A.B. asks: 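Got a structure for you, written out below as structure tokens; questions coming shortly.
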Amino acid sequence: MKDNPDIKKVISQHSEIEQFFSGGFAVKGKTPISEPLEQEDNTSAAEKAAELEKIAEEVCACRKCPLGSLRTNAVPGEGNPNARIMFVGEAPGADEDAQGQPFVGRAGQLLDKVIAACGLKRSNVFIGNILKCRPPENRDPAAEEIISCLPYLQRQIEIINPEIIVALGAHAARTLLNTNKSIGQLRGQFHEYYSGLGRPPIKLMATYHTAYLLRNYSQENRQKVWEDMKKVLAELGLPIPEHGKK
Ligand code: SF4
């Protein structure tokens, strides 16, 4: 009996996704990626880092909304000032609040796997959130909180000026795109984020938040995130890693 090409394709795709989310991907060759992982920007990384540090200090002293008095630590965001990709989530959770760093809990560990599967390191990208302080019980951000906090993220985006923003989840995507559409409608295609008058739009890819993926860990959802990230890599001219055990 002849092999059914559709079945072979499904099996191959399944294997690819399993390895993607288990961190089993590897880029073949000694130098994983020859394309620049960071921008070659006129503004030096040191200047950008200093501006980002100033924002971080403001965030850590901020009491513009009630979350400021409820937090253990503010979570300004962190990463490469010359990142070509900026990941934006919703708000810190318990682990992030305890450590003052973004995406360090289970959802953060899954994001690390996604980043590694793309042939990148966490130090290549910048990771931030719409809100810089944890909402109690991880409830959804309130509109007033977003209005108070969003200027910090907008300034971070303006300084870093990434080529692509990956919005993780509905709250990040809706806020940055100023829309009420669902994440299902928004994900999988590039949108445009406008960082200011006279500045060219930044491409934005919306995809599922890794916390959502953990709650809904289906083959279908994982495949969707992998497809979204492959589009991001292709848009940046970065190689799409071949799957193989490390
Ligand atoms: S959530 Fe944002 S606006 Fe509210 S206190 Fe924290 S840093 Fe300030």
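Remember, predicted model here, so these are calculated numbers, not experimental data. Start at 1 and go down the list; that is how both ligands and their atoms are numbered.
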A.B. asks: Can you tell which of Arg139, Arg71, Lys64 makes a salt bridge (charged side-chain N to carboxylate O under 4.0 Å, His left out) with Glu145?
C.D. replies: Arg139

A.B. asks: Could you list the atoms of ligand 1 found under 4.0 angstrom from a heavy atom of Gly68?
C.D. replies: 5 (S)

A.B. asks: Among all protein heavy atoms, pick out the one at the shortest distance from atom 8 (Fe) of ligand 1; state its residue, atom name and that distance to 0.1 Å.
C.D. replies: Cys62 SG, 2.2 Å

A.B. asks: At under 4.0 Å between heavy atoms, is it the side chain or the backbone of Arg71 that contacts ligand 1, or both, or neither?
C.D. replies: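 Within the 4.0 Å criterion, Arg71 contacts ligand 1 through side-chain atoms alone.
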
A.B. asks: Please identify which atoms of ligand 1 are closer than 4.0 Å to at least one heavy atom of Lys132.
C.D. replies: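 Those atoms are 7 (S).
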
A.B. asks: Can Glu227 and Arg222 be counted as an ion pair, charged N to O under 4.0 angstrom?
C.D. replies: no

A.B. asks: Of all the atoms in ligand 1, which lie at a distance below 4.0 Å from a heavy atom belonging to Ser148?
C.D. replies: 3 (S)

A.B. asks: Under a plain distance cut-off of 3.5 Å, with no hydrogens placed, do Tyr152 and Gln154 share a side-chain donor-acceptor pair?
C.D. replies: no

A.B. asks: So, Glu78 and Arg122, do they make that salt bridge, N to O below 4.0 Å?
C.D. replies: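 Looking at Arg122 together with Glu78, the answer is yes, because their closest N to O distance falls below 4.0 Å.
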
A.B. asks: Using salt bridge (charged side-chain N to carboxylate O under 4.0 Å, His left out), reason through Lys230 and Glu235 one step at a time and then give a plain yes or no.
C.D. replies: CA-CA 9 Å; Lys230 282 201 284 192; Glu235 184 65 28; over 6 Å; no

A.B. asks: Ignoring hydrogens, just give me the one of Pro76, Cys149, Cys133, Ala142 whose non-hydrogen atom is nearest atom 6 (Fe) of ligand 1.
C.D. replies: Cys133

A.B. asks: Say whether, by atom type as modelled, one donor and one acceptor occur between the side chain of Arg84 and the main chain of Leu236 under 3.5 angstrom.
C.D. replies: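 Side chain of Arg84 to backbone of Leu236: a pair is present.
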
A.B. asks: Using 2.8 Å as the threshold, say whether any N, O or S atom from Cys65 sits that close to atom 8 (Fe) of ligand 1.
C.D. replies: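 Not a single backbone or side-chain N, O or S atom of Cys65 is under 2.8 Å from atom 8 (Fe) of ligand 1.
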
